[in-house]
Amino acid sequence: MKKMLNTSMIYFIAAIAAGVFYREFTKWQGFTGKTMLAFVHTHLFVFGMILFLILALFCSRDDRISESKIFKCFFIFYNSSLPFMVCMMLIRGVLQVKGAVLSKAADAAISGIAGISHILLTASLVLLFMALKKICRTEE
């Protein structure tokens, strides 16, 4: 449970920092349009802080969840893919604010890398559900 709370707190700090960066960077650049930076804050809160707070509740009920091999794989994959995805969102957002003109190849590379991070995030969530289902089966 402590590991889940610590992870949640780290994502909380990152979400707050992302929100401040978004507000200050766009203000400093005089940017008023839509940018991917606006979504980084929310992604870190929901997919980071809130998810791990909910998992902390599960772990407080039954600590076998966090000791499961499948859950440990989820934890590693998820905490690798979410920051990976957020980094790509930051890169895309900063380029949007700066008004950078990207070649088709550079634009496709950013989208492709972001897509890979989404695939990894989805796979890690499947691992989470597998770990939770396994615990439920052992209780029955």
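Since this is a predicted model, take the numbers as computed values, not measurements.
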- Message: Let's go through Glu24 and Lys27 carefully: what are the C-alpha distance in whole Å and the side-chain angles of both, what is the deciding distance for salt bridge (charged side-chain N to carboxylate O under 4.0 Å, His left out) to 0.1 Å, and is it a yes or a no?
- Response: CA-CA 5 Å; Glu24 295 302 320; Lys27 189 186 325 178; 3.6 Å; yes

- Which heavy-atom pair separates Ser117 from Ser81 by the least distance, and what is that distance? O-CB, 3.8 Å

- Query: Mind checking whether Phe52 and Phe47 have ring centres under 6.0 Å apart?
  - Reply: no

- Query: Side-chain heavy atoms under 4.5 angstrom apart, residues restricted to Ile, Leu, Val, Met, Phe, Trp, Tyr: same cluster for Val86 and Ile16?
  - Reply: yes

- Query: Of the non-hydrogen atoms in Leu5 and Leu53, which two are nearest, and what is the gap between them?
  - Reply: CD2-CD2, 3.9 Å

- Query: Given the rule in the side-chain contact (heavy atoms from CB on, under 4.5 Å) test, do Ile110 and Leu102 qualify, once you have shown the distances and angles that lead to the verdict?
  - Reply: CA-CA 10 Å; Ile110 292 171; Leu102 298 174; 3.9 Å; yes

- Item | Linked, directly or transitively: Val126 and Phe129 (ILVMFWY side chains, under 4.5 Å) | no

- Task: Look at atom CZ of Phe84 and say whether more than 12 heavy atoms of other residues, nucleotides or ligands are closer to it than 6.0 Å.
- Result: yes

- Task: Indicate yes or no for a side-chain donor-acceptor contact from Ser60 to the backbone of Leu57 under 3.5 Å, with no hydrogens or angles considered.
- Result: yes

- Note on the structure: Tightest non-hydrogen contact, residues Phe12 and Met49, listed as CD1-SD, 3.5 Å

- Say you draw a straight line from CE of Met4 to OG of Ser66; how long is it, rounded to the nearest 0.5 Å? 5.5 Å

- hydrophobic_cluster_shared for Phe21 and Phe39, side chain cutoff 4.5 Å: yes

- Joint cluster assignment, Val40 & Ile50, ILVMFWY side-chain distance < 4.5 Å: yes

- Task: Could you please spell out the steps behind the side-chain contact (heavy atoms from CB on, under 4.5 Å) verdict for Thr32 and Thr26?
- Result: CA-CA 7 Å; Thr32 57; Thr26 54; over 6 Å; no

- Task: Tell me, with the steps shown, if Phe25 and Gln29 meet side-chain contact (heavy atoms from CB on, under 4.5 Å).
- Result: CA-CA 6 Å; Phe25 185 67; Gln29 294 292 317; 4.0 Å; yes

- What are the two closest non-hydrogen atoms of Ala15 and Leu44, and how far apart are they? CB-CB, 3.6 Å

- Message: If I take atom CE from residue Met89 and atom CG from residue Leu37, how far apart are they, to the nearest 0.5 angstrom?
- Response: 8.5 Å

- Task: Evaluate the ring planes of Phe45 and His41, with Trp represented by its six-membered ring, and classify them as parallel (under 30°), tilted (30 to 60°) or perpendicular (over 60°).
- Result: perpendicular

- Message: Tell me which one of Pro83, Ser124, Cys73 satisfies side-chain contact (heavy atoms from CB on, under 4.5 Å) with Tyr78.
- Response: Ser124

- Note on the structure: Value for CD1 (Ile116) from CE (Met85), rounded to nearest 0.5 Å, stands at 14.0 Å

- Quick one: pull up CG in Leu120 and OG in Ser80 and give me the separation to the nearest 0.5 Å. 8.5 Å

- Note on the structure: Contacts of Tyr11 meeting side-chain hydrogen bond (donor to acceptor under 3.5 Å, both in side chains) (sequence neighbours excluded), chain-then-number -> Asn79

- Query: Just checking, Lys3 and Phe75: is the charged tip under 6.0 Å from the six-membered ring centre and within 45° of the axis?
  - Reply: yes

- Looking at Ala38 and Thr42, what are the two nearest heavy atoms and their distance? O-OG1, 4.0 Å

- Atom of Phe71, atom of Ile65 and distance for their closest heavy-atom approach: CB-O, 3.0 Å

- Atom pair CG (Leu128) and NZ (Lys133), whose distance is rounded to the nearest 0.5 Å: 12.5 Å

- Message: Nearest 0.5 Å, please: how far is CE in Met130 from NZ in Lys69?
- Response: 13.0 Å

- Message: Would a single hydrophobic cluster contain both Ile54 and Leu82, if residues Ile, Leu, Val, Met, Phe, Trp and Tyr are joined by side-chain heavy-atom contacts under 4.5 Å?
- Response: yes

- Quick one: which of Arg92, His43, Met88 gives a side-chain contact (heavy atoms from CB on, under 4.5 Å) with Met36? Arg92

- Task: Report yes if the side chains of Phe74 and Leu55 come closer than 4.5 Å at any heavy-atom pair, otherwise no.
- Result: yes

